[in-house]
Amino acid sequence: MTQIPRAGVIGNPISHSLSPKLHSYWLERYGLQGSYTALKVTEDELETTLRSLPDQGFIGANVTIPHKVSVMQFADQITDRATLIGAANTLIFKQDGRIFADNTDGYGFMANLRQGAPDWDPKAGPAAIFGAGGAARAIIVALADAGVPEIVISNRTRAKAEALRADFGARISVIDWVQADKMLVDANTVINTTSLGMVGGQDFKVPLDKLPSTAVVTDIVYNPLKTPFLEAAEQRGCTVVDGLGMLLHQGVPGFERWFGQRPEVDEATRRAVLA
Ligand code: ATR
């Protein structure tokens, strides 16, 4: 008897993850055999869990906070983009026990913007990024790949933004957090990659009065769906794209590899995940 293919998301905490809802919805929608579950795994348990999952019928997994970086050391094969980003969010367990690691966050970011702002041209001008954490890394790699001419980063802890410049080079400049609004002046793409604006958290306080109405603005925070930052950008006439789509799109490549069907990200998918 062939086993039903299993996949899941590895993280800690994990109960808040929307990935089980997303992948379970897709499995049902396409009438596929399979399951997708949340796996709470501590740092100490990470390696043994990874080694034991294939025996339990797992063909792959997503990886989320706090394991995206540490999981790399257990991978036998790593895609170029995951290597560049220095983190993985999608694993494939090969039949011979080897682990293949990829990072689809940048893909998810780009696919979300292309879907939500079809006229957006990344090459048309500079990108301004708030924040310099793991999400910013993936987004910088994706933007550079898409031909963005210049990327300006502002982060509360300036040294982290400087580290990104050191890693990703010439196209990147850094601006002090207290002057972050200055990077908006000629921005074509504006991204909040900080946790500011998340429900129950601190507010995003950088003034947006220099933000041009021609900019496409997005946020990786998706709870609330329309963050105060996106509300303010929309009021200035900008095209805004919420962050939920990035999460949905980053799940596409993994689902396709594991279950053999490229899934849609559409209104029905959004409704299913938000239900
Ligand atoms: P992720 O991997 O999701 O990007 P992270 O690495 O913890 O998460 O990064 C969170 C980002 O939000 C960082 O840029 C962080 O700034 P610091 O590098 O200074 O910590 C930013 N951030 C979090 N809380 C913030 C706050 N109150 N004010 C400004 N920036 C904040």
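Both counts, for ligands and for their atoms, begin at 1 and track the order of listing.
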- Query: Looking only at heavy atoms, which two atoms of E150 and V152 are closest? And how far apart?
  - Reply: OE2-CG2, 3.9 Å
- Query: Which word best sums up how the rings of F204 and W177 line up, parallel for under 30°, tilted for 30 to 60°, or perpendicular for over 60°?
  - Reply: perpendicular
- Task: Please identify which atoms of ligand 1 are closer than 4.0 Å to at least one heavy atom of K160.
- Result: 17 (P), 18 (O), 20 (O)
- A132, portion touching ligand 1 at heavy-atom distance under 4.0 Å: backbone
- Just checking, is any N or O donor in the side chain of N12 or T42 under 3.5 Å from an acceptor N or O on the other one? no
- Ignoring angles and geometry beyond distance, decide whether L196 reaches within less than 3.5 Å of ligand 1 through its nitrogen or oxygen atoms. no
- Query: What atoms of ligand 1 come within less than 4.0 Å of a heavy atom belonging to Q202?
  - Reply: 27 (N)
- Message: If we count only N and O atoms by modelled type, under 3.5 Å, do the side chains of D102 and Y107 hold a donor and an acceptor together?
- Response: no
- Mind telling me whether F130 and F229 have parallel, tilted or perpendicular rings, with 30° and 60° as the class edges? perpendicular
- Item | 4.0 Å protein heavy-atom contact status of atom 10 (C) of ligand 1, strictly under | no
- Note on the structure: When distances are taken from atom 23 (C) of ligand 1, the protein heavy atom at minimum range is S195 OG, 3.3 Å
- atom 5 (P) of ligand 1 sits nearest the protein heavy atom G133 CA, 4.1 Å
- Item | Modelled atom types, side-chain donor and acceptor of W120 and T239, under 3.5 Å | no
- Task: Identify, for atom 3 (O) of ligand 1, the protein heavy atom at the shortest distance, and state residue, atom and that distance.
- Result: A135 CB, 4.2 Å
- Is the shortest N/O to N/O distance between T157 and ligand 1 below 3.5 Å? yes
- Message: Can you check which of N155, T193, V69, D105 brings a heavy atom nearest to atom 15 (C) of ligand 1?
- Response: N155
- Message: Show the atoms of ligand 1 that are less than 4.0 angstrom away from any heavy atom in G131.
- Response: 14 (O)
- Query: Looking at atom 7 (O) of ligand 1, would you say a protein heavy atom lies below 4.0 Å from it?
  - Reply: no
- Looking only at heavy atoms, what is the nearest atom pair of R270 and G245, with distance? NH1-N, 4.1 Å
- Got the closest protein heavy atom to atom 27 (N) of ligand 1, with its distance? R156 NH1, 3.3 Å
- Message: Regarding ligand 1, does W177 bring an N or O atom to under 3.5 Å of one of the ligand's N or O atoms?
- Response: no
- Which of the atoms of ligand 1 are close to G134, meaning less than 4.0 Å from one of its heavy atoms? 1 (P), 2 (O), 4 (O), 6 (O)
- Query: If we ignore angles and hydrogens, is there a donor and acceptor under 3.5 Å between the side chains of D266 and T269?
  - Reply: yes
- Query: Would you say S154's side chain and I129's backbone share a donor-acceptor pair under 3.5 angstrom?
  - Reply: no
- Query: Is NZ or CZ of R257 both nearer than 6.0 Å to the six-membered ring centre of F100 and within 45° of the ring axis?
  - Reply: yes
- Item | Interfacing atoms of ligand 1 (cut-off 4.0 Å, heavy-atom, T194) | 11 (C), 12 (O), 21 (C)
